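Everything below concerns the one structure shown next.
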Protein chains: 2
Amino acid sequence: MNASPKDGRSSSSAHSSTRESARSRSGDALRAAQMYYLQDLTMNAIARELQTSRSTVSRLLSLARDTGLVEIQVNNPAHRAPSLENEIRRRFGVEAHVVPVSGTLDDSEALDRVAIQAARTIGPLVDSNAIIGVAWGSTLSAVSQHLTRKSTHDSTIVQLNGAGNTQTTGIAYASEILRRFGYAYGARVEQFPVPAFFDHAETKTAMWAERSVLRILELQRRMTMAIFGVGSTNSGIPSHVYSGGYLDEADLRMLHEKSVVGDVATMFFRADGSHRDLQINQRSTGPNLDLLRQVPRRICVVSGETKISGLRGALAAGLPTDLILDEASAHLLVQGSSD
Amino acid sequence: MNASPKDGRSSSSAHSSTRESARSRSGDALRAAQMYYLQDLTMNAIARELQTSRSTVSRLLSLARDTGLVEIQVNNPAHRAPSLENEIRRRFGVEAHVVPVSGTLDDSEALDRVAIQAARTIGPLVDSNAIIGVAWGSTLSAVSQHLTRKSTHDSTIVQLNGAGNTQTTGIAYASEILRRFGYAYGARVEQFPVPAFFDHAETKTAMWAERSVLRILELQRRMTMAIFGVGSTNSGIPSHVYSGGYLDEADLRMLHEKSVVGDVATMFFRADGSHRDLQINQRSTGPNLDLLRQVPRRICVVSGETKISGLRGALAAGLPTDLILDEASAHLLVQGSSD
DNA sequence: AATGCTGATGCACAGACGTGCACACTCACC
DNA sequence: GGTGAGTGTGCACGTCTGTGCATCAGCATT
């Protein structure tokens, strides 16, 4: 990053012990973080030692947090009674992270809180040399806004499915989502410049032979992690995909007729997880679900009870390995399904 | 712990979705911690959701921290310029954790801050099924007072060397140190009820064949981690060992004559790390240093510039794998030794 | 030299936080 | 049934912390 060459002037002859060890902003941030979080000094005390003002220390500390210098983990001791997490793991075979939210919140606020916690949960899982597939949609957009930075080497963010669409332009936000991920983890960003759905399956076939597309597909094949939400057909507030002009009337009718319950990255499935025979998936640019299932870590973020039926389908299809969802939905999930 | 059966009174009849999921104190602590550290809510907001007062939330949060529910790490990005840590690793082959302290602190305060940070650094390294050897002395005493709890299964704390001594009684604190470690990590504590030094090497030989002693030695052989300070002969403030009545005049003279620079767990060594020919070690109850070197993780905590020469010896002898020390000492350490 | 721009700083204030204290409740023992 | 120890709670207070604002230094452009 900012390779400030100010270190050359080590000098200061025999400066007893204070000595300007990396007197850079981030160096100070590290020292401040150690003193604050590891030695329990107050910001005032730190300011004195760093010879600066208390408010600067406050800012240094938020820098340290935002920058990933400080990592705060909340570990859920697995050995608690029949916690929701355990229950979900037992029934669906996925690692669950239940986000506590009081039931009386409006949807967008709940989404926001799930997103914050999701972002912080994902952080520690990101490694160097990772290839991270990222979908788009309101959930992922919210998550992307709360990522904390963590510098990695040689990581790549790759778009899971096309976002193109004739009607709205607002969908430039797909690339915005990717950009945020890339920024947070210091990773290359690989967009997937295709529409969400082709009009004709043949076009897809043709495009899938193009080298520009093949490069993306190859990256997707090598993904080490995938992050996505779910769409749900019966959602009260329909997902982007269902209302944003991606699908026409006929498509929607067809989804209903074929008992589709939801989608992940614009690949649709039924309640039992079946999907291979759905024609529309041959026009979708999302990842082949069989391929997706081979990604070592597949994180699904869900907020809102209306998405439950879509989520059930995704679970039946074995798509996620990790599930981050709000408490109310978690309750519904375990209630609705028999043991 | 306190299995308070107070849950029976669920009350509030059909409370829509709040629902008393594990409405125990530590359950609330977990929820509060998630909301505070993962969702950035204020304590007030959390209090509302948990239907309690803000001050209770404050207390829940400190419980969560003390209890190890919340873990705060400060990671030092290795890829910074010639940091002290890197320099020490390169020269001495140990992982260094330099504790920032302004040079103008009195010794006991510096020790305290090194100890706090040491305690927090050690925490994440402790695992289940660990066997942790712990020495005693002023440094370890300070560290033991700041350990944060972390529940483990089936771990053991084993005393590294005897603490018995005819003169002072205050040495009951050796067991106090162990007790604190045991409490913090939920581990069994195995004391080593022998004097620090035998008067006659033969007594040690005899004792070392006793089954009670063999049990401890066997545990020591299987240690997964050892934690110790260093003693330094030229220390201005002499370590306990050198002043507490463990050694007589003749012993001290001998240490000087043989060019002993310090000790770890009452096993002495010279500046070059040599120790096998020191007679006194045959009367000491500390662990054979060759054996100590086989422990996978060996953490040495040092505060105070007077201990540098002892520390140099310990490094020459290859005793620590990890070194936690204050900044001033770290500077001295790298300065004094040629590249 | 004057200019505007960017980013860091300190000040001051409002809001958030930790903690001593008094009180209420539970449980165990008399 | 009474009583006392132990524990958890809310209140109130003083301290600690985040942040808008004005300022200033550094730097590039005119």
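Just so it is clear, the model here is predicted, and its values are computed rather than measured. Per chain, numbering begins at 1; letters A, B, ... match sequence-line order.
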Side chain A/Thr42, main chain A/Asn44, donor-acceptor under 3.5 Å: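 Judged by distance alone, yes, a pair lies under 3.5 Å.
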Check ion pair A/Arg180-A/Glu176 (N to O, under 4.0 angstrom):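 Judged by the 4.0 Å cut-off on N to carboxylate O distance, A/Arg180 and A/Glu176 do form a salt bridge.
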Nucleotide D/dT19, atom C1' - distance to CG of A/Leu63 in whole Å: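 Checked: the CG to C1' distance equals 16 Å.
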Rounded interatomic separation in angstrom, taking CG from B/Leu50 and P from D/dG10: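 Rounding to the nearest Å, CG of B/Leu50 and P of D/dG10 are 11 Å apart.
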Check: B/Glu71/A/Gln73 side-chain N/O donor and acceptor closer than 3.5 Å: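 A/Gln73 and B/Glu71 do not have a side-chain donor-acceptor pair below 3.5 Å.
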B/Leu178 side chain near B/Glu190 side chain, heavy-atom distance below 4.5 Å: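 No; the side chains remain at least 4.5 Å from each other.
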Sequence-distant partners of B/Asp40, salt bridge (Lys or Arg N to Asp or Glu O under 4.0 Å), two or more places apart: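 Residues passing salt bridge (Lys or Arg N to Asp or Glu O under 4.0 Å) with B/Asp40: A/Arg120.
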Nucleic acid footprint by protein, nucleotides 5-19 of chain C - heavy-atom cut-off 4.0 Å, B for base, S for sugar-phosphate alone: ---SBBBB----BBB
